[in-house]
Amino acid sequence: MSIVSLEIPEEIFITLKETPENLSRELPILAAVKLFELGKLSSGRAAQLAGISRVEFLTILGRYQVSPFSLTAEQLEQDVNNA
């Protein structure tokens, strides 16, 4: 496993009202959610990055208003018509 280090200005912690410890736990989850949303990671790999189970990751997506479904409206309509 690789380690990535970030330098974060103190003002960021003040603005977010977060401690370094809390933010260090939250950042991998935020990164995983965004990479999943962009289609760069599957939900399983995103969960792995976040350090949580896939079920927990899928549940957390709602907190960030990210859909666990990757179908477009057109694909969804086509699926309904084919059913």
Requested in this report: Starting at CZ of Phe13, measure out to CG of Asn22 and round the result to the nearest 0.5 Å.
Outcome: 10.0 Å
Query raised in the report: Got a second to check how far Leu49's CG is from Phe57's CZ, nearest 0.5 Å?
Result: 8.5 Å
Report summary line: Taken to the nearest 0.5 Å, the spacing of Glu26 CD from Glu21 CD works out to 14.0 Å
Query raised in the report: When hydrophobic residues are tied together by side-chain contacts of less than 4.5 Å, even through go-betweens, does Val33 share a cluster with Leu6?
Result: yes
Report summary line: Interatomic distance, CD1@Ile60 vs CD1@Ile29, rounded to 0.5 Å, equals 4.5 Å
Query raised in the report: Measuring from Gln48:CD to Ser53:OG, what's the distance to the nearest 0.5 Å?
Result: 12.5 Å
Query raised in the report: Ile8 and Ile14: same hydrophobic cluster, using ILVMFWY side-chain contacts below 4.5 Å?
Result: no
Query raised in the report: In terms of hydrophobic clusters joined by side-chain contacts under 4.5 Å, are Leu35 and Leu61 together?
Result: no
Query raised in the report: For the residue pair Ala46 and Phe36, what are the closest heavy atoms and their distance?
Result: CB-CB, 4.1 Å
Report summary line: Rounded to the nearest 0.5 Å, the OG1 atom of Thr15 sits from the CD atom of Glu10 at a distance of 11.0 Å
Query raised in the report: By side chain to side chain donor-acceptor pair (under 3.5 Å), which residues pair with Glu56, not counting sequence neighbours?
Result: none
Query raised in the report: Is it the case that one hydrophobic cluster holds both Leu27 and Leu41, taking links as side-chain heavy atoms less than 4.5 Å apart, direct or via other members?
Result: no
